[in-house]
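First listed ligand is number 1; within each ligand, the first listed atom is number 1.
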Amino acid sequence: MSFDSDTFRKVMGHFVTGVTVVTTLENGEPQGITVNALSSVSLEPPLVMVALDRRRHITPKVHASGQFAVNVLGEHQQLLADCFAGAPVQPGRERFCGAAWAPGSTGIPLLDGAIATLECAVVGVYPIGDHDLFIGRVDALHNDEHHPQPLLYYRRRYLRVERSESIAIEGRQEG
Ligand SMILES: Cc1cc2nc3c(=O)[nH]c(=O)nc-3n(C[C@H](O)[C@H](O)[C@H](O)COP(=O)(O)OP(=O)(O)OC[C@H]3O[C@@H](n4cnc5c(N)ncnc54)[C@H](O)[C@@H]3O)c2cc1C
């Protein structure tokens, strides 16, 4: 390899993503971590994938609980994105960043104000490189039709949508 991991991260940073907090439960207590490695995997059945570094505190907790939720953040939730990524703030992650939350229909913690949520049961785990890929079967989901703009991640910084235009896609998006 003629490049280091920092260069890899820099190049991948050109792929704009949303920002999520992946949550789970440990002994009834909510746990969370900021994640952008989220992908839709299958429509029938509905499956998603999140990639968690095996060194993250939450990775063994998702293994143990067999459940996780994906909370898609709006731009008003940047402080939560920082806190759940380990920023030195109070209250910190050990106090769930002081975030308001409620259990979803499957019991997993859902963040108030998230612009979309997916509650998942782990149906597969694929260790690869330094990450575990968790495949989640989506058992419940929610989104508000009217919501704040999403928080975006681009070139290792947050990106805010100041000007947006919605353009129809001509290519086939399914089937
Ligand atoms: C926009 C963005 C996207 C990201 N996407 C991803 C991604 O897709 N996948 C990924 O793996 N990472 C991702 N990260 C990184 C991840 O969110 C942070 O690196 C991580 O939360 C920082 O944790 P850490 O390095 O302190 O290690 P951690 O392993 O999370 O924590 C270090 C130590 O702190 C202690 N600790 C931390 N939190 C708690 C807690 N709640 N309770 C008890 N002890 C605790 C534990 O002792 C732990 O060993 C992303 C970060 C950002 C900002």
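- Contacts classified as salt bridge (Lys or Arg N to Asp or Glu O under 4.0 Å) and involving residues 63-85 (residues at least two apart or in different chains) are given here: Glu75-Arg160.
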Inset, instruction - Show your working on side chain to side chain donor-acceptor pair (under 3.5 Å) between Asn71 and Thr23 and close with a plain yes or no. - result: CA-CA 8 Å; Asn71 298 266; Thr23 53; 3.3 Å; yes
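- Within a 6.0 Å radius of OH in Tyr158, other residues, nucleotides and ligands contribute more than 12 heavy atoms.
- For residues 127-158, the set of pairs meeting the disulfide bond (SG atoms under 2.5 Å apart) definition, not counting sequence neighbours, is empty.
- Within 4.0 Å of ligand 1, contacts by protein heavy atoms are made from Gln31, Ile33, Thr34, Val35, Asn36, Ala37, Ala51, Leu52, Asp53, Arg55, Arg56, His57, Lys61, Phe84, Ala85, Arg93, Glu94, His131, Tyr153.
- A search for salt bridge (Lys or Arg N to Asp or Glu O under 4.0 Å) contacts involving Arg9 returns nothing, not counting sequence neighbours.
- Partner Leu152 forms a side-chain contact (heavy atoms from CB on, under 4.5 Å) with one of Thr17, Val16, Val19 and no other, that one being Val16.
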